[in-house]
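Hydrogens, waters and symmetry mates are skipped; everything else that's a heavy atom, side chains included, is used.
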Amino acid sequence: MNQNSYQISKLEMTITLITMIIGVGILTLPRALAAAVGTPDGWISIIISAVINMLIVYLIVKLHRNFPNLTFLQFICSSSLGKWIGKPLGIFFMVYFIFFLGFEARILSIVVKMYLLDRTPFEVTVLLIFLTTTYAVTKGVQGIIHLNLLFLPFLSAGVIILIIFNLPEAQFDVILPITAEGFTPILMGLQETIFSFAGVEILFFFLAFMKLKDMKAASFNVGIAIVTGIYVVIVLLSYTILSFESSEIIVFPLVSLAKEVELIEGVLERYDPLMITIWVMTIFNTMAIAHFLATKIVKDEFLKKTRVSTIAILITFLAFISTFIPNSLQETFMMGEYVAYLGLGLMIVSLLVGYLFVWFKTGSKKQGESEVI
């Protein structure tokens with residue numbers, strides 16, 4: 001993994017951010033939001049969370065401009081004191097990405113078994129997806145980024161078809177009046193919606209592959225805005241087509257929306273299998289990114305002399321175990337919440353530690369220059 005051999009452009013980073021964030025969240029967000037908010041105003045919670053995440057993206061980019069060509073952990077570990085903080089942070093990030101992998105793989109296997117391959121055991125589906133992501137990781141950052149570019153047109157086409165063919169059936173009067181019960185329910189939905197934007201933390205690592213002049217928070221926030229638009233439309237379509245009450249109990253409202261699509265007769269009778277197939281491509285990209293970053297952390301911080309392929313296989317083994325820790329769908333969703341809490345905590349701690357180190361190093365440098373004069 002020679003991080004100087006390939007540099008990510010602004011567009012590539014924005015697309016990677018979109019792919020990482022959408023993941024599983026788009027499948028379950030309408031249900032989770034309906035349960036948390038209790039009114040159809042959850043779409044407002046999505047917009048507020050998007051603004052918060054845009055601020056976080058701005059802070060990460062501003063921090064990272066102080067140490068171009070280095071990941072956050074490489075910068076922290078560059079001093080003797082920093083190693084005592086950077087190494088434990090690296091372990092927590094590694095654990096986060098491994099359980100992130102496990103959660104995504106478990107949800108993927110459940111969806112595939114429910115809607116596509118009902119006789120295929122969970123273990124077979126999970127093993128196949130992990131073997132594929134392991135192979136992707138061995139192709140390095142360039143391979144991971146190009147996979148995102150390759151699958152984006154399919155994802156875009158799938159979502160656009162879903163929206164266009166459902167829109168005429170939407171009854172938007174069911175979401176009126178807006179904020180009928182005040183802003184308290186909307187604030188209750190912030191927890192669910194903030195977690196739906198999990199994935200922003202990849203910037204702590206991928207910005208090391210970018211040129212300093214390309215590190216623009218505005219570009220990445222365009223990606224956040226696109227994801228926000230997709231989330232808002234999917235949630236509103238779920239409430240106005242499936243009904244708010246149904247969205248609260250349907251496990252995967254996005255799949256139910258796909259079932260409502262009626263394409264031109266004789267061309268394609270059922271759209272939901274195609275939509276699930278497109279979604280599997282997206283979830284594969286998300287998992288490949290998490291698998292790559294877990295492998296990179298181990299390679300950079302702990303096992304520098306070990307081959308990337310060996311580390312990727314080790315991560316696969318650990319992620320496979322984490323996939324089957326939950327015993328039920330409910331426990332799987334709980335695991336997802338814990339993973340999201342860990343990611344949010346790591347992001348906040350990393351920002352605090354990062355800015356403290358930049359402030360300390362800047363102060364030491366100025367003091368040194370003053371003594372020379």
note = Residues pairing under side-chain hydrogen bond (donor to acceptor under 3.5 Å, both in side chains) where one sits in residues 319-328, two or more places apart or in two chains, turn out to be none
query = According to a 4.5 Å side-chain heavy-atom criterion applied to Ile, Leu, Val, Met, Phe, Trp and Tyr, with indirect links allowed, do L73 and W84 form part of one hydrophobic cluster?
reply = no
task = Answer yes or no: is there a side-chain heavy-atom contact under 4.5 Å between I98 and F93?
result = no
note = By side chain to side chain donor-acceptor pair (under 3.5 Å), Y96 pairs with (sequence neighbours left out) E201
inquiry  = Could you check whether atom OH of Y355 has more than 12 heavy atoms from other residues, nucleotides or ligands sitting under 6.0 Å from it?
reply    = yes
ask   = Honestly curious: do M114 and I276 fall in one hydrophobic cluster under the side-chain, below-4.5 Å linking rule?
value = yes
task = Without swapping roles, check the side chain of K10 against the backbone of S219 for a donor-acceptor pair under 3.5 Å.
result = no
query = Who pairs with T132 by side chain to side chain donor-acceptor pair (under 3.5 Å), at least two apart in sequence or on another chain?
reply = none
ask   = When hydrophobic residues are tied together by side-chain contacts of less than 4.5 Å, even through go-betweens, does Y58 share a cluster with L17?
value = yes
ask   = Is any side-chain heavy atom of E337 less than 4.5 Å from a side-chain heavy atom of F333?
value = no
ask   = Got a second to check how far I60's CD1 is from N53's CG, nearest 0.5 Å?
value = 9.0 Å
task = Check whether more than 12 heavy atoms from other residues, nucleotides or ligands sit under 6.0 Å from atom CZ of R65, and answer yes or no.
result = yes
message = Below 30° counts as parallel, above 60° as perpendicular, anything between as tilted: where do the rings of F151 and F284 land?
response = perpendicular
task = Starting from the C-alpha separation in whole Å, work towards a yes-or-no answer on side-chain contact (heavy atoms from CB on, under 4.5 Å) for T310 and L303.
result = CA-CA 10 Å; T310 304; L303 300 174; over 6 Å; no
If you look only at distance, which donor and acceptor atoms sit under 3.5 Å apart when one is on a side chain in residues 29-47 and the other is two or more places apart or in another chain?
residue	atom	partner	partner atom	Å
R31	NE	V251	O	3.3
T39	OG1	D41	N	3.3
T39	OG1	D41	OD2	3.4
D41	OD1	T179	N	3.3
D41	OD2	T179	N	3.1
S45	OG	I186	O	2.7

ask   = Would you say the ring centroid of F292 lies under 6.0 angstrom from that of F205?
value = no
message = Does atom NZ (K87) have a neighbourhood of more than 12 heavy atoms from anything else shown, all under 6.0 Å?
response = yes
query = Between F75 and F357, is any pair of side-chain heavy atoms under 4.5 Å apart?
reply = yes
ask   = When you look at I315 and F97, which way does the side-chain contact (heavy atoms from CB on, under 4.5 Å) test go after all the steps?
value = CA-CA 9 Å; I315 296 296; F97 284 122; over 6 Å; no
request  = Look at the side-chain heavy atoms of Ile, Leu, Val, Met, Phe, Trp and Tyr, link any pair under 4.5 Å apart, and say whether L274 and L155 land in one connected group.
outcome  = yes
message = Within the 4.5 Å heavy-atom criterion, are F67 and Q74 side-chain neighbours or not?
response = no
message = Contact between F130 and T133 at the side-chain level, heavy atoms closer than 4.5 Å - yes or no?
response = yes
request  = To the nearest 0.5 Å, tell me how far M188 CE sits from T184 OG1.
outcome  = 9.0 Å
query = Which distance, rounded to the nearest 0.5 Å, do you find between the CD of E301 and the OG1 of T71?
reply = 6.0 Å
Enumerate, atom names and distances included, each donor-acceptor pair closer than 3.5 Å involving a side-chain atom of residues 160-173, sequence neighbours excluded.
residue	atom	partner	partner atom	Å
N166	ND2	L162	O	3.0
N166	ND2	L257	O	3.2

task = Please list, chain by chain and in numerical order, all residues satisfying side chain to side chain donor-acceptor pair (under 3.5 Å) with T332, sequence neighbours excluded.
result = none
ask   = Who passes ring-ring contact (aromatic ring centres under 6.0 Å, His included) against F320, sequence neighbours left out?
value = F324
task = Using atom types as modelled and distance alone, determine if a side-chain donor or acceptor of E248 lies under 3.5 Å from a backbone N or O of E245.
result = no
Listed once per pair and sorted, the side-chain hydrogen bond (donor to acceptor under 3.5 Å, both in side chains) pairs that draw on residues 338-352, sequence neighbours left out = Q191-Y341
query = Taking only residues two or more places apart in sequence or in another chain, which ones pass side chain to side chain donor-acceptor pair (under 3.5 Å) with N148?
reply = T16, N285
ask   = What do the steps show when you test F206 against H64 for ring pair (Phe, Tyr, Trp, His ring centres under 6.0 Å), and what is the final call?
value = CA-CA 10 Å; F206 278 121; H64 227 285; over 10 Å; no
Step-by-step side-chain contact (heavy atoms from CB on, under 4.5 Å) determination, I325 to F99 = CA-CA 10 Å; I325 289 178; F99 275 89; 3.8 Å; yes
task = Count the heavy atoms of every other residue, nucleotide or ligand shown that sit under 6.0 Å from NZ of K113, and state whether that count exceeds 12.
result = yes
ask   = By the rule that ILVMFWY residues connect when side-chain heavy atoms come within less than 4.5 angstrom, directly or transitively, which residues belong alongside V124?
value = L128
message = What's the separation between atom CG in L314 and atom OG in S309, rounded to the nearest 0.5 Å?
response = 11.5 Å
query = Should V137 and L150 be counted in the same cluster of Ile, Leu, Val, Met, Phe, Trp and Tyr side chains packed under 4.5 Å apart?
reply = yes
key: Nearest-0.5 Å distance, CE of residue M287 to CG of residue L108   = 6.5 Å
inquiry  = Once rounded to the nearest 0.5 Å, what's the spacing between atom CZ of F72 and atom CG of L346?
reply    = 9.5 Å
query = Taking the side chain from H291 and the backbone from A312, do they hold a donor-acceptor pair closer than 3.5 Å?
reply = yes
message = Quick one: does any side-chain atom of D214 pair with a main-chain N or O of M210 as donor and acceptor, under 3.5 Å?
response = no
query = Hey, mind stepping through I110 and F252 against side-chain contact (heavy atoms from CB on, under 4.5 Å) and telling me if it holds?
reply = CA-CA 11 Å; I110 291 171; F252 302 116; 4.2 Å; yes
key: Which residues share a salt bridge (charged side-chain N to carboxylate O under 4.0 Å, His left out) with K216, sequence neighbours left out   = none
key: Cation-aromatic face contact K259/Y271, 6.0 Å, 45 degrees   = no
request  = Check the pair S49 / T193 against side chain to side chain donor-acceptor pair (under 3.5 Å), numbers first and verdict last.
outcome  = CA-CA 6 Å; S49 294; T193 50; 2.4 Å; yes
key: Listed once per pair and sorted, the side-chain hydrogen bond (donor to acceptor under 3.5 Å, both in side chains) pairs that draw on residues 220-243, sequence neighbours left out   = S243-S246
